[in-house]
Amino acid sequence: MNRAITVRVNGTLHHETVDHRLLLSDFLRETLGLTGTHVGCGYEGRCGVCTVVYEGVAIKSCLMLAVQADGAAVLSVEGLARGEELHPLQRAMHDCHGLQCGFCTPGFLLTMYEFLKTPVSDPNTIRAAMNGVLCRCTGYVHIVAAVEQAARELAQMDPDERARWFPL
Amino acid sequence: MYPEPIEQYFQPTTLAAALQLVATHGSAAHILAGGQSLVPALKARAVPARALIDINRVTELATLTTRAGGLWLGALLRLTAVARDPLIGRTASALADAAAALGDRQVRNRATLVGSIVWAMHWGDIAPAAAALDARLCLAGPAGRREVGIESFVVGPQLTVLGAQEMVLALLLPAPPPHTGSCYLKHGRVVQDRATLGIAVCLTRGPEGRCAEVRIALGGLAQHPICRATQIEERVRGQIFNAALLEDLKHWASTTITTHTDELASAAYRRQLIGVYVPRALELAWQRSAESGR
Ligand SMILES: Cc1cc2nc3c(=O)[nH]c(=O)nc-3n(C[C@H](O)[C@H](O)[C@H](O)COP(=O)(O)OP(=O)(O)OC[C@H]3O[C@@H](n4cnc5c(N)ncnc54)[C@H](O)[C@@H]3O)c2cc1C
Ligand code: FES
Ligand code: FES
């Protein structure tokens with residue numbers, strides 16, 4: 001009931017043998033020790049704090065098995081910054097007070113990372129894009145403001161510089 | 001929560017291999033598509049987890065093609081793609097609306113049309129939209145392929161005619177007649193919630209401002225994932241489409257459709273929703289029928 005898999009996480013290849021039933025969220029947290037991906041649900045897959053970017057799109061890592069990700073590329077919150085330099089969206093979350101306890105923050109960052117590949121700063125479009133992540137602290141207003149700021153900044157960058165912030 | 005131990009996990013890359021696996025292991029295995037219904041059920045240990053046949057690498061199933069003027073929507077088309085596709089938007093707006101209304105961004109990035117129809121929850125968004133568009137499903141098994149209309153395919157809540165050794169290859173939509181419009185509207189307590197009421201309408205304009213043909217399917221009502229509103233269809237078919245007709249339906253619809261009380265809403269509230277949403281959906285489909293297509 002085990003299988004050997006190879007998954008590229010934040011640019012690094014990992015070869016591991018995993019139980020079929022291991023969830024991708026637990027693979028990241030327990031097997032690889034990347035605890036920035038959070039888990040907030042029992043089984044429902046509603047809270048969105050486990051969101052990662054899988055093959056370029058935002059998905060809930062608690063609703064996928066690790067064996068399914070064999071050969072795939074995953075980006076988690078640990079892969080967003082470039083060294084000491086925060087991703088424009090991370091910096092905007094800081095500037096706009098987009099977090100309080102921070103439990104939901106990785107989910108918002110990775111969901112809106114995918115959204116910001118084509119930066120749109122319209123608040124209603126932003127709200128619609130992020131309704132798959134729940135936050136119990138902020139009331140969302142400052143998170144929307146942060147995404148607006150990041151969208152404006154990214155839209156002004158030259159395309160090559162912008163692309164460097166979106167490796168996956 | 002953890003699923004029970006999963007003894008076998010298969011990851012076929014061709015349709016032939018997938019069909020072979022379903023034929024061999026079908027009665028003990030689940031087909032795993034987007035996993036947005038199946039994985040929560042496995043985690044909750046609501047279904048046994050013995051074997052999984054993961055079809056996500058079967059690229060042959062991820063295709064959208066036109067066939068005899070209609071659409072062939074492969075079983076691996078994700079809802080994000082369905083909601084964004086200009087051809088589906090133009091010729092099957094109800095399906096694009098339903099795909100966009102289901103769940104949230106991350107769920108839509110994985111979930112498939114077919115997975116939603118096979119799971120057949122009474123509040124599902126996709127089945128009513130597909131029924132209004134008169135969709136069929138293409139199934140394949142050891143005995144070959146067969147096509148089944150969606151209203152025969154979905155027998156009841158969480159019940160379909162899919163055989164243990166069969167899988168669904170695609171959802172098929174007929175070519176819409178000219179001057180056809182459709183839509184799907186959903187009312188939930190909050191966004192990304194289950195449908196307290198879902199309504200899909202597909203209608204075709206006739207001469208003299210009349211509604212030549214109409215199909216209405218409701219979701220969110222406890223009896224069945226697809227509730228065809230045939231009495232309302234009869235009242236609209238052939239009539240001049242105007243404000244008076246819609247006003248008449250407002251009162252009439254809410255008393256004609258059988259509804260229920262559950263944890264989402266009371267029957268009285270649902271009746272009121274029906275009175276509001278039946279005319280609203282008809283009007284939107286009528287507007288869209290002016291742009292021809294569907
Ligand atoms: C947070 C969240 C919100 C949701 N919101 C909604 C909502 O608003 N509206 C709604 O309708 N649903 C909602 N859902 C339910 C879910 O998204 C849908 O049921 C989904 O579309 C299922 O599709 P899937 O591809 O993920 O199917 P899976 O979970 O992979 O499979 C579902 C079932 O279909 C079978 N199956 C899949 N593909 C095939 C095939 N090709 N042939 C034969 N059998 C097959 C599987 O064996 C399984 O029994 C939500 C789910 C989540 C987690
Ligand atoms: S842990 Fe809540 S959606 Fe994944
Ligand atoms: S900041 Fe605490 S849950 Fe969002």
Side-chain angles (χ1 to χ4, degrees), chain A residues 1-5 18-26 30 39-72 107-108 110-115 118 124-134 140, chain B residues 1-13 29-30 32-59 62 78-81 83-84 100-111 115 188-194:
Chain A
M1 292 190 291
N2 287 333
R3 177 178 281 234
I5 60 170
V18 299
D19 204 333
H20 289 155
R21 64 171 164 166
L22 184 70
L23 301 169
L24 181 59
S25 48
D26 291 326
E30 312 287 337
V39 172
C41 304
Y43 63 87
E44 312 88 336
R46 279 214 168 255
C47 76
V49 303
C50 65
T51 302
V52 297
V53 171
Y54 172 87
E55 295 288 294
V57 298
I59 64 139
K60 294 176 178 173
S61 62
C62 74
L63 295 183
M64 190 186 276
L65 301 170
V67 287
Q68 292 188 264
D70 184 23
F108 281 104
L110 276 299
T111 305
M112 299 319 279
Y113 169 101
E114 184 209 357
F115 173 83
T118 358
N124 286 334
T125 314
I126 291 170
R127 280 172 195 276
M130 64 185 218
N131 69 25
V133 194
L134 302 179
Y140 303 100
Chain B
M1 279 170 78
Y2 255 78
E4 290 171 359
I6 298 165
E7 283 154 34
Q8 290 176 296
Y9 169 79
F10 303 101
Q11 201 173 40
T13 54
H30 298 283
L32 174 62
Q36 303 301 294
S37 287
L38 185 57
V39 176
L42 290 170
K43 288 167 74 180
R45 304 193 175 196
V47 295
R50 286 187 294 277
L52 297 180
I53 301 168
D54 178 357
I55 58 170
N56 283 282
R57 307 259 159 124
V58 184
T59 47
R78 316 270 178 199
L79 298 186
T80 300
R84 282 185 195 157
L102 186 148
D104 53 53
R105 185 181 187 91
Q106 301 95 304
V107 168
R108 291 190 295 272
N109 278 342
R110 293 298 293 169
R189 292 170 306 180
V190 292
V191 285
Q192 70 137 291
D193 200 6
R194 289 171 285 169

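All values below come from the heavy atoms of this structure, side chains included, with hydrogens, waters and symmetry mates left out. We name chains A, B, ... by the order of the sequence lines, and we start the count at 1 in each one.
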Which atoms of B:L42 approach chain A - backbone, side chain, both or neither, heavy atom under 4.5 Å: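 Interface part for B:L42: neither.
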Atom group of B:Y2 that falls short of 4.5 Å from chain A, counting heavy atoms: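 Side chain only.
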Determine the minimum heavy-atom distance between [X] and [Y], stating which atoms define it.
X	Y	result
A:Q68	B:R110	NE2-NH2, 4.0 Å
B:R57	A:D70	NH2-O, 2.8 Å
B:Q11	A:V67	NE2-O, 3.9 Å
A:R3	B:Y9	NH2-O, 2.8 Å

Backbone N or O of [Y] within a donor-acceptor pair of the [X] side chain at under 3.5 Å?
X	Y	result
A:R21	B:A49	no
B:K43	A:C62	yes
B:N109	A:A58	yes

Steps toward side-chain contact (heavy atoms from CB on, under 4.5 Å) verdict (B:V39, A:M64): CA-CA 7 Å; B:V39 176; A:M64 190 186 276; over 6 Å; no
Under 4.5 Å from any heavy atom of chain B - which part of A:Y54: side chain
Option that, when pairs with chain A are counted at under 4.5 Å, heavy atom only, ranks first among B:G103, B:P5, B:G34, B:A41: B:P5
Worked check of side-chain contact (heavy atoms from CB on, under 4.5 Å) between B:L52 and A:L65: CA-CA 11 Å; B:L52 297 180; A:L65 301 170; 3.5 Å; yes
Option from A:V52, A:V57, A:T111, A:L63 for which side chain to side chain contact (heavy atoms under 4.5 Å, CB included) with B:Q106 holds: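 Checked A:V52, A:V57, A:T111, A:L63 against B:Q106; only one passes side chain to side chain contact (heavy atoms under 4.5 Å, CB included): A:T111.
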From B:T80 atom OG1 to A:E114 atom CD, the distance as rounded to the nearest 0.5 Å: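 Rounded to the nearest 0.5 Å, the OG1-CD separation comes out at 7.0 Å.
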Greater than 12 external heavy atoms within 6.0 Å of A:Y43's OH: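 Incorrect, the count does not exceed 12.
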Over 12 non-hydrogen atoms of neighbours within 6.0 angstrom of CZ in B:R45: yes
Residue, of A:D26, A:D19, A:N2, that accumulates the most heavy atom pairs under 4.5 Å with chain B: A:D26
